[in-house]
There are 2 protein chains.
Amino acid sequence: MDLKQLRYFRTVAEEKQVTKAAKKLHMAQPPLSQQIKLMEEELNLKLFDRQGRKLELTKAGEILFEKAARLLTEFDETLIEVREISEGMRGKMHIGSTKSCFSYLSAALNLFKTQHPNITYQLREGDTYFLEECIKNREIELAIVRMPMHSDEFNVLKLPSEPYVLVAPESWNISSYDDAVEFEDLRDVPLMLLHRISGRGQFELIVDEFRDHGIEPNVTCECPDATMLLSLVASGVGATIVPESTLKAFALHHTKSYQLTGANIKAESAVIWQKERYLTKASQRLIKTLEDQFCYV
Amino acid sequence: MDLKQLRYFRTVAEEKQVTKAAKKLHMAQPPLSQQIKLMEEELNLKLFDRQGRKLELTKAGEILFEKAARLLTEFDETLIEVREISEGMRGKMHIGSTKSCFSYLSAALNLFKTQHPNITYQLREGDTYFLEECIKNREIELAIVRMPMHSDEFNVLKLPSEPYVLVAPESWNISSYDDAVEFEDLRDVPLMLLHRISGRGQFELIVDEFRDHGIEPNVTCECPDATMLLSLVASGVGATIVPESTLKAFALHHTKSYQLTGANIKAESAVIWQKERYLTKASQRLIKTLEDQFCYV
DNA sequence: ACATAACATACATAAAAAGTATGAAAGGAG
DNA sequence: CTCCTTTCATACTTTTTATGTATGTTATGT
């Protein structure tokens with residue numbers, strides 16, 4: 001038995017008449033009679049008790065009628081849900097972000113949620129290498145990561161580059177200016193730097209920049225998580241250098257930030273997702289949101 | 001979309017391959033590919049992400065797959081339930097009985113329940129006239145009633161006739177014998193008799209019998225409910241005359257019963273159900289049980 | 001690079017559903 | 001009670017849909 005027959009049966013049971021039901025279904029009466037008969041033959045039972053020209057449901061028919069309503073609405077609702085998911089209006093998105101890029105994601109989601117109230121999120125956090133692997137494993141669909149990347153099997157939407165800033169404990173006095181430091185000022189400052197668990201990343205860029213300025217940085221701590229670093233700064237353990245937006249997202253009390261005068265490096269970040277793979281409408285829209293928000297300003 | 005397509009989809013999603021799925025479904029591969037394509041066109045979305053020759057479910061496809069399992073099993077279970085109801089192996093039976101015939105019903109149900117453990121019951125109680133109306137209104141399918149009946153639109157299975165017995169308070173001394181009375185003994189005894197709310201019934205039969213013996217009965221109470229009468233007897237209010245089986249089902253302490261010597265009337269009861277109407281298998285079986293239990297002994 | 005395996009397409013065939021015409025039986029009006 | 005209308009059922013035809021066969025195309029692995 002298929003759903004068409006079940007719908008037919010429901011209408012006949014509602015109308016208690018084949019003729020009326022046929023009209024309601026925009027079809028001729030004989031095929032409807034026939035389909036009901038076929039159902040009865042398939043089930044090997046009577047669904048209707050034919051009393052002259054009146055049709056009354058049998059016990060079995062009554063039960064089927066009750067269940068049919070439920071089954072059919074559940075079915076219809078499923079189709080609606082599936083369509084909505086496909087339209088990106090519903091469902092759970094799986095997104096990754098490095099901590100240092102998190103402000104982009106939180107800003108984008110903040111905008112996105114008003115336009116897509118039925119979308120929920122599953123977030124992954126980790127360094128660029130880790131998130132690349134997550135995408136390859138299909139654990140997440142897209143991620144916002146720090147450059148440089150390892151693999152080239154991704155579509156890449158570059159977000160605008162931003163300066164690095166130095167963050168030091170409030171109590172420290174490391175510069176003659178109020179809001180800027182020169183590399184020379186940092187010669188002996190204990191530095192704690194972001195460092196990926198595996199692969200080359202910002203760490204190497206920053207260290208190289210120091211060397212270009214003729215200074216060997218005093219790196220006292222390497223850590224993959226920006227918020228941990230900032231917390232260490234707040235405790236007075238050392239200073240750190242992070243992208244400006246990272247600081248904006250996780251600025252802590254008892255810390256103070258400085259621009260890096262004469263710095264040639266910029267922090268680069270990007271939205272990445274796998275090439276040649278079907279991307280949900282929801283993800284396509286989120287990427288569009290990120291692009292509109294950060295790339296055309 | 002119909003259920004056949006949903007089953008196809010489920011199989012393909014399980015096998016992650018059209019070819020294997022087609023084999024499992026005992027069909028050729030092209031029609032299966034085509035049906036999946038039709039589903040996608042109808043929903044206007046992709047259910048599978050075609051990666052070369054690999055098929056992977058999209059988000060929408062995943063949701064449909066999850067829901068499909070539920071929908072299909074619910075559907076199959078519904079069909080099973082409907083079939084069982086039609087077979088009389090499941091469902092709720094609507095049965096009526098006069099109180100005075102209740103022992104037949106309780107005995108029959110006691111036997112029936114072991115053979116039909118999934119059947120439940122909805123009971124109605126009242127006088128014969130009332131139960132006839134209940135059947136006509138489709139509130140119950142069958143009833144066990146006292147004769148005589150009013151209408152002839154019923155199929156009637158007569159149960160064996162049984163003698164009436166006199167029930168009196170234990171303390172009374174109304175007979176010279178231990179377990180029998182003659183009509184003569186009852187000349188002044190206060191009698192409480194079953195009397196239908198409407199229509200002629202046993203009451204008239206019993207009164208006529210008294211008159212045939214030249215005695216005008218001293219009727220002090222008319223009541224439609226046998227158990228109320230018996231309770232009144234136990235309290236010492238009066239004596240009553242009820243069918244033997246009624247007494248068996250509701251015998252109370254502090255009462256004593258006597259055979260009616262010289263009585264020509266018998267209590268008649270019957271199972272009735274509506275003519276020309278579809279009767280559930282369960283009811284057919286219960287009638288058979290009653291027949292086997294009481295008519296062939 | 002070639003063989004193999006898998007999905008897609010094109011076309012033919014078979015099955016199923018819907019339509020048309022018509023018959024039978026029930027219910028209502030005169 | 002008879003006739004007319006209504007309604008369901010049946011017989012047959014047409015249309016639509018589903019399936020099967022043959023074959024092409026593309027990716028994967030040897």
Side-chain angles (χ1 to χ4, degrees), chain A residues 1-58 61 65 68 72 136 138 153 274-278, chain B residues 1-58 61 64-65 68 72 136 153 274-278:
Chain A
M1 188 193 312
D2 66 3
L3 289 177
K4 193 164 47 171
Q5 287 177 311
L6 205 59
R7 276 181 227 280
Y8 286 177
F9 166 74
R10 180 179 59 173
T11 308
V12 173
E14 274 167 3
E15 301 292 326
K16 299 180 203 305
Q17 247 191 261
V18 181
T19 311
K20 270 191 199 168
K23 271 176 198 149
K24 201 169 174 183
L25 291 163
H26 306 293
M27 67 191 292
Q29 166 264 317
L32 188 53
S33 290
Q34 208 166 307
Q35 288 303 318
I36 299 292
K37 197 178 157 193
L38 279 172
M39 284 174 79
E40 291 185 326
E41 279 168 13
E42 185 189 335
L43 288 167
N44 193 30
L45 54 86
K46 288 270 165 253
L47 291 167
F48 292 98
D49 189 8
R50 271 87 166 169
Q51 293 277 22
R53 67 191 190 186
K54 231 175 264 162
L55 292 184
E56 286 191 43
L57 285 169
T58 60
F65 181 58
L72 289 172
K136 285 183 195 165
R138 309 280 162 117
E153 350 169 359
Q274 193 144 37
K275 273 180 188 168
E276 316 283 323
R277 178 177 159 208
Y278 171 84
Chain B
M1 189 194 310
D2 65 4
L3 289 176
K4 193 165 47 171
Q5 286 178 312
L6 205 59
R7 277 182 226 281
Y8 286 178
F9 166 75
R10 180 179 58 175
T11 309
V12 174
E14 274 166 4
E15 300 293 325
K16 300 179 205 305
Q17 247 191 262
V18 180
T19 311
K20 270 192 199 167
K23 268 175 199 150
K24 202 170 174 183
L25 290 164
H26 306 293
M27 68 191 290
Q29 166 263 319
L32 187 53
S33 291
Q34 209 165 308
Q35 288 302 319
I36 299 291
K37 197 179 157 192
L38 279 174
M39 286 174 78
E40 291 186 325
E41 279 168 14
E42 185 189 334
L43 288 167
N44 193 30
L45 55 84
K46 289 269 165 254
L47 291 167
F48 292 98
D49 189 9
R50 271 86 169 170
Q51 294 274 23
R53 66 191 192 187
K54 232 175 264 164
L55 292 185
E56 285 193 43
L57 284 170
T58 61
L64 185 62
F65 180 57
L72 290 171
K136 285 183 195 165
E153 349 168 0
Q274 193 144 38
K275 274 181 187 165
E276 315 284 324
R277 180 179 158 204
Y278 171 83

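Not measured: the values here are computed from a predicted model. Every chain is numbered from 1, with letters handed out A, B, ... down the list of sequences.
For Lys4(B) and dT19(D), the shortest distance from a side-chain N or O to OP1 or OP2 is below 4.0 Å. Listed pair Arg50(B) / dA6(C) fails the phosphate criterion, with no side-chain N or O lying under 4.0 Å from OP1 or OP2.
Remark: the backbone N or O of Asp2(B) is paired with a side-chain donor or acceptor of Gln5(B) at under 3.5 angstrom. At distances below 3.5 Å, not a single donor-acceptor pair connects side-chain atoms of Gln29(A) with backbone N or O atoms of Thr19(A). Without hydrogens or angle criteria, Thr58(A) side chain to Lys46(A) main chain gives a donor-acceptor distance under 3.5 Å.
Ion pairing of Glu56(A) with Arg50(A) is absent here, as no side-chain N (NZ or NE/NH1/NH2) approaches a carboxylate O to less than 4.0 Å. Using a cut-off of 4.0 Å between Lys/Arg side-chain N and Asp/Glu carboxylate O, Lys24(B) and Glu14(B) are scored as salt-bridged. Salt bridge Lys136(B)/Glu153(B): present, at least one basic N to carboxylate O contact under 4.0 Å.
Axis orientation changes by 30° from one end of the helix from dA1(C)-dT30(D) to dG30(C)-dC1(D) to the other, with each end axis drawn from 5 pairs and the value rounded to 10°.
Less than 6.0 angstrom separates the ring centroid of Phe48(A) from the ring centroid of Phe9(A).
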Please list, pair by pair, any protein nitrogen or oxygen found under 3.5 Å from a nitrogen or oxygen in nucleotides 9-16 of chain C.
residue : atom : partner  : partner atom : Å
dT9(C)  : OP2  : Lys37(B) : NZ           : 3.2

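Distance Met1(A) CE to dA17(C) C1': 16 Å, rounded to the nearest Å. One can place CG of Leu38(B) at 16 Å from P of dT16(D), the figure rounded to the nearest angstrom. The CG-C1' distance, from Asp2(B) to dA18(D), rounds to 10 Å in whole Å. As rounded to whole Å, 17 Å separates atom P of dA25(C) from atom CG of Leu55(A). For the pair Leu32(B) CG and dC7(C) C1', the interatomic distance rounds to 11 Å; values are reported in whole Å.
Looking at residues 15-27 of chain A, you'll see Met27(A) sit with a heavy atom under 4.0 Å from some atom of DNA chain C.
For Ala22(B) against Leu32(B), the heavy-atom pair with the smallest separation is N-CD2, 3.4 Å. The minimum heavy-atom distance between Glu40(A) and Leu47(A), with the atom names listed, is OE2-N, 2.7 Å.
Within the nucleic acid shown, Phe48(B) has no heavy atom closer than 4.0 Å to any nucleic acid atom.
In this structure, NZ in Lys23(A) is found 14.5 Å from OG1 in Thr11(A), a value given to the nearest 0.5 Å.
Taking the side chain as every heavy atom from C-beta outward, Met1(A) and Leu6(A) approach each other to under 4.5 Å.
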